There are 2 protein chains.
Amino acid sequence: MKTTRNTTAKTAVLEVFEKSRTALSHTEIQKQLNDVCDRVTIYRILDRLVNDDIVHKISNLDGTVKYAKCNHSNQRVHIHNHAHFSCENCHEITCLENVKPSYIMPHNYKVKEINFTLSGLCPNCLNSNI
Amino acid sequence: MKTTRNTTAKTAVLEVFEKSRTALSHTEIQKQLNDVCDRVTIYRILDRLVNDDIVHKISNLDGTVKYAKCNHSNQRVHIHNHAHFSCENCHEITCLENVKPSYIMPHNYKVKEINFTLSGLCPNCLNSNI
DNA sequence: ATTTTATCGCAACATTGTTGCAAATGATAA
DNA sequence: TTATCATTTGCAACAATGTTGCGATAAAAT
């Protein structure tokens, strides 16, 4: 049985998530960590965190991948069925915890995960008259 | 005013889309074209096709970006509000033209585009008892 | 046929993600 | 506390993907 360890690098990554309101890319995490650990280590930590359902992965329309901490891991069945918002101006991605899409699927599909990302202008950028 | 031209490379790319039932990545398109044109040219053609609303871009959870031809460009307001399905087994991405999510947004967001991708097993792979 | 300019090919570069392996380190039990 | 051992890390090297600049080519309009 593979156990997971609490290393200093992992703790540092989790602290970065804690401080951030928005989802973060690998590069953004790396910048905030400044040389706490290697680039490769961050990739591996993120993989583990996603696997352990501590962090979820979000892919943006532009092809960038971001990560955000889950703040509902107390639920028994843990599905990330909430939406994300991607601002085309400031490029921040935020979780819209309360936005849950409803939809009707054709038969014969087995849905395991959903990724619902809306893009446009976030409240901040909308107010700035852009 | 920038006009767009019909080149042989662009026509070839569109033919590849025509033949394909599923969404295609840059690499997949390149393989099917075998050396009709340069790798860079394909990137630029795809950019233009997306800009002209002839093709839409889909980004998958694994970070891969795929493209599919729009078959509803007759609509006046052209928003890609349909869902896509990404099979975790065969990795094919298909458009679910009839699946349109309904959702309620918080105020102060201006939504311009949505990306709704469901993943799991497609009918083909589901039947294969995987 | 000539002109204009969008498009192309090439080369070089930047970014992002992956892999193998020896060394380091966290967790567990002695 | 120390010994043990599997997990994690750093490094180096590699692979894949996407971008940019620029001279050459070719599509479309006159």
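All figures in this text were calculated on a predicted structure; none of them were measured in a lab. Here is how names work: the chains are called A, B, and so on, in the same order as the sequence lines, proteins then strands, and each is numbered from 1. Computation of the quantities below employed the complete heavy-atom set of this structure, encompassing side-chain atoms and omitting hydrogens, waters and symmetry-equivalent molecules.
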Hey, is the side chain of B:Thr4 poking within less than 4.0 Å of OP1 or OP2 on C:dT7, counting only N and O atoms? yes
Taking NZ from B:Lys57 and C1' from D:dT17, how many angstroms apart are they, rounded to a whole number? 12 Å
Checking D:dG10, C:dC10, D:dT8 against the side chain of A:Thr41 (C-beta onward), the nearest is D:dG10
Given atom CG of B:Asp38 and atom C1' of D:dG21, what is their separation to the nearest angstrom? 14 Å
Inter-residue atom distance A:Glu113.CD - B:Ser86.OG, 0.5 Å rounding: 9.5 Å
Among residues 27-37 of chain A, which ones have heavy-atom contacts with DNA chain D below 4.0 Å? A:Val36, A:Cys37
Whole-Å distance, A:Asp62 CG to C:dT16 P, equals 11 Å
For A:Lys10 and C:dA24, give me the distance from atom NZ to atom P, rounded to whole Å. 23 Å
Send over the distance from B:Leu46 CG to C:dT7 C1', rounded to a whole Å. 14 Å
Roughly how far, to the nearest 0.5 Å, is NE2 of A:His84 from OG1 of A:Thr117? 6.5 Å
Within one Ile-Leu-Val-Met-Phe-Trp-Tyr cluster: A:Leu24 and A:Val40, side-chain cutoff 4.5 Å: no
Minimum-distance nucleotide to A:Val40 side chain [options: C:dG17, D:dA12, D:dT19]: D:dA12
Atom NE2 of B:His26 and atom P of D:dT19: how far apart are they, to the nearest Å? 10 Å
A:Ile45 side chain, from C-beta outward: closest of D:dT9, C:dG9, D:dC11: D:dT9
Selection from D:dC11, D:dT17, D:dT8 that lies nearest to any side-chain heavy atom of A:Arg48: D:dT8
Please pick, from D:dT17, C:dA27, D:dT9, the nucleotide with the shortest atom-to-atom distance to any side-chain atom of A:Asn6. C:dA27
Only counting residues at least two apart or in another chain, list the ones meeting side chain to side chain donor-acceptor pair (under 3.5 Å) with B:Ser25. B:Glu28
Closer than 3.5 angstrom, by distance alone: can the side chain of B:His107 be matched with the main-chain N or O of A:Pro123 as a donor-acceptor pair? no
Under-4.0 Å side-chain N/O to phosphate OP1/OP2 contact, B:Thr3 with D:dA29: no
Rounded to whole angstroms, how far apart are CD1 on A:Ile42 and P on D:dT9? 10 Å
When you get a sec, tell me which of D:dT19, D:dT7, C:dT4 is the closest nucleotide to the side chain of B:Arg5? C:dT4
B:His91 to B:Lys66 - nearest heavy-atom pair and separation: O-NZ, 3.3 Å
DNA chain D: 5'-proximal contact among B:Asp47 and B:Thr8 (nearest heavy atom): B:Asp47
Beyond-backbone contact of A:Leu46 with A:Ile29, side-chain heavy atoms, under 4.5 angstrom: yes
Working to the nearest 0.5 Å, report the span between OG of A:Ser119 and CG of A:Asn60. 7.0 Å
Suppose we call a contact any N or O donor and acceptor under 3.5 Å apart; does that hold for the side chain of A:Arg39 and the base of C:dG17? yes
By nearest atom, which of the nucleotides D:dA28, C:dT7, D:dT9 is closest to the A:Arg44 side chain? D:dT9
